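What follows is one structure encoded as structure tokens, with my remarks underneath.
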2 protein chains.
Amino acid sequence: MPTLSDVAQRAGVTTATVSNVIRGKGSVGPATAERVRAIIADIGYRPNLTARALAEGRAPTLALLVSSIANPFYPEFARAAEQAARREGHFLLVCHTETDADIGLAYLDRVSSGLSEGVLAMAGNLRPQDLVAVADRGVPVVLVMWEQTREALPMHSLTVDFHTAGRLAAEHLLALGHRSIGLVSAKTAEGCLVHVQRHCGFLATLAEAGVSLPDTSIEYDRDTIGGGFRAALDLLSRANGLTAVFATNDLLAIGAMQAAAALGRRVPQDLSVMGVTDIELAAQMRPALTTVAIGTVAVAESSIRLLLDKIRLGSVHNEQYSTPPPVLIRRGSTAPPPR
Amino acid sequence: MPTLSDVAQRAGVTTATVSNVIRGKGSVGPATAERVRAIIADIGYRPNLTARALAEGRAPTLALLVSSIANPFYPEFARAAEQAARREGHFLLVCHTETDADIGLAYLDRVSSGLSEGVLAMAGNLRPQDLVAVADRGVPVVLVMWEQTREALPMHSLTVDFHTAGRLAAEHLLALGHRSIGLVSAKTAEGCLVHVQRHCGFLATLAEAGVSLPDTSIEYDRDTIGGGFRAALDLLSRANGLTAVFATNDLLAIGAMQAAAALGRRVPQDLSVMGVTDIELAAQMRPALTTVAIGTVAVAESSIRLLLDKIRLGSVHNEQYSTPPPVLIRRGSTAPPPR
DNA sequence: AGTTGGCAGTTAAGCGCTTAACCTCAACAA
DNA sequence: TTGTTGAGGTTAAGCGCTTAACTGCCAACT
């Protein structure tokens, strides 16, 4: 592969000049610039990005740490994040930490040793102290939807107002006339605040409306349809007269729809079902799933922008950003309760 | 951030010795090694991977070019590929080329300028000449499931036997007793050989069994459930007496199941439905989707291994590998035809 | 005693690029 | 005439790491 000095040699100038031509900096005569450009095109020279990264002290790469892709939300997020990064001239290194905090640590470690300029951390299984260690080494880190832990970590973070998401869901079901509503949520003991918040927003709204606390089914397996199926089956067979089910994410909601079908209850005529997130699958269901959209693409774009801001401005104070509020997406899986 | 020479200085040795300690090469006395290691741990030194990549002339990174993630198969593949790459000490740069060949070109270009050691190309929208140009520059490229084009590109490739996949599907339905079978496939004019092959294997097997060619519905939108829904609706309303539908991928098949439900036909009692690929969603449907698994994880692992072999052995001949044959996964969406 | 060989380390030359600092010369104003 | 200025370069010092080649030194052979 040709290098800068190959080009320089052929053009009869120094590498500095060629570099200046490429970067459009410094002052180079038009004739020289043209000659250099012609040679670059001729021999097919491409700058070595690794060398450039070393010389500039920064890599055109951002890392995204996600725990798993069991939930299609993550690929959707990753894709949007990658597009946003690309628009800013950056690559995205996607790292699946799976369920193993040590894999996360290994990634954090390697990624923060020069390969990437910053880290977007979404993986709930990362240990807070590992993140802090990396941040302390001067690597820009942005926490995305990191409501896993209550203690505020000393770094930038981007949060989504999941409380409002729960509230919107409750308001929608109440407005339709439902008064006997079941809740399918994730096990709170795992400290998964993203579910707890939705859960609480939902309950608070019902309480304000004077509706008694709903029957609840908790599922450990919060990122599978099967989990929602089992939870809803349990819920529907235990509690009579439920006319609606709210699940704290779309996957659980889809499982709930399946449970309704298995029990011979039609959605939405006999039972309304709704979720949170608005994954692409939600719109593809029959009936299409009513849900509260959190704006996946917007969240991804904000995350990238926040990280890039932190990198470029080097802001020290660790700000906390929120994305625009969630939005109710009315589809076919909810309707007024049967009389 | 501390550098090699910081460590060397504190340890009273040269950077070469520290480097040797880290890499376990050369010969270093046990006492010195221990001292160096202690200092590394003490000051929290991490090798700069960019500098290492430059010095070694290779980056610990592989690039994966996918076109989109509309079909959940791609994230599943990407995840498996990333895990395989990690086990080999590599990172995975995921690049979504979307529908734009120029984005693909830009990625190919940048990724092949030192940032990654090799490229896994799955994106059907990449232009063959762009791939050839990159390969000619000496960048190892492996084509994965690149049956988009008939002309053999001069590079390594990994293919899946989709013809057998179609055959297995036909054999399964025939064995169950179906004689009137519908086919939902992707538009062949787009040159999407991965669908055409499944399609042909299926038809050939039916023909061998003396079963007349089935009714067929072609869908442009091959990577959405909605596409399968529309196609199957068309098919089922046009052709009377169909007892089974074979769709050339799982998404189309899931759409077909929805269409059956919309028409009041129970799956599998009234209509059997099956697909190809075995995406995770297939197992989560109710009834669970019978399908022909192509071994996504195995394909991903083979891709990575093939690419790494090409990189390490620098093999010049452009071999073509095949993954293990597809396997029928019998689930609840197929049954003998109604009498 | 003289050689050999291996261990423990050092030296120094890169890898391909960026960039601050410097040089030269023509044009121009004072 | 002298000084200033700016355009159009050049020089050279890195960025942080790897590695081939080399240097001492000491124990072990013959």
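Since we're looking at a predicted model, the values are computed, not measured. We use all heavy atoms of the structure for the numbers below, so side chains are in, but hydrogens, waters and symmetry mates are not. Proteins get letters first, then strands, A, B, ... in listed order; numbering begins at 1 in each.
The number of heavy-atom neighbours closer than 6.0 Å to CZ of Arg10(B), taken from other residues, nucleotides and ligands shown, is 12 or below. Dense packing is recorded around CZ of Arg137(B), with more than 12 heavy atoms of other residues, nucleotides or ligands lying under 6.0 Å away.
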side-chain contact (heavy atoms from CB on, under 4.5 Å) between Thr323(B) and Leu158(B): does it pass, once the steps are laid out? CA-CA 7 Å; Thr323(B) 50; Leu158(B) 191 139; 3.3 Å; yes
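A donor-acceptor contact shorter than 3.5 Å links the side chain of Arg35(A) to the backbone of Ala11(A). Glu88(A) contributes no side-chain N or O that, together with a main-chain N or O of Leu308(A), makes up a donor-acceptor pair within less than 3.5 Å.
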Can you give one letter per nucleotide of nucleotides 17-22 of chain C, 5' to 3': B if a protein heavy atom sits under 4.0 Å from the base, S if only from the sugar-phosphate, - if neither? BBB---
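Looking at Asn125(B) and Thr97(B), their side chains do bring a donor and an acceptor atom within 3.5 Å of each other.
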With a cut-off of 3.5 Å and sequence neighbours excluded, list every side-chain donor-acceptor pair involving residues 298-307 of chain B.
from: Glu301(B); atom 1: OE2; to: Arg87(B); atom 2: NH2; distance (Å): 2.9
from: Ser302(B); atom 1: OG; to: Ala298(B); atom 2: O; distance (Å): 2.8
from: Ser303(B); atom 1: OG; to: Val299(B); atom 2: O; distance (Å): 2.6

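Under the salt bridge (Lys or Arg N to Asp or Glu O under 4.0 Å) criterion, the residue pairs touching residues 71-81 of chain B are Glu98(A)-Arg79(B), with sequence neighbours excluded.
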Kindly give the atom pairs (protein nitrogen or oxygen, nucleotide nitrogen or oxygen) under 3.5 Å for nucleotides 5-8 of chain C.
from: dA8(C); atom 1: N7; to: Ser27(B); atom 2: OG; distance (Å): 3.0

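At a non-hydrogen distance threshold of 4.0 Å, nothing from residues 105-118 of chain A comes into contact with DNA chain C.
Looking at residues two or more places apart in sequence or on another chain, you find a ring-ring contact (aromatic ring centres under 6.0 Å, His included) between Phe91(A) and Tyr107(B).
Each of Ile103(B), Leu108(B), Leu120(B) was checked for a side chain to side chain contact (heavy atoms under 4.5 Å, CB included) with Leu65(B), and the lone residue meeting it is Leu108(B).
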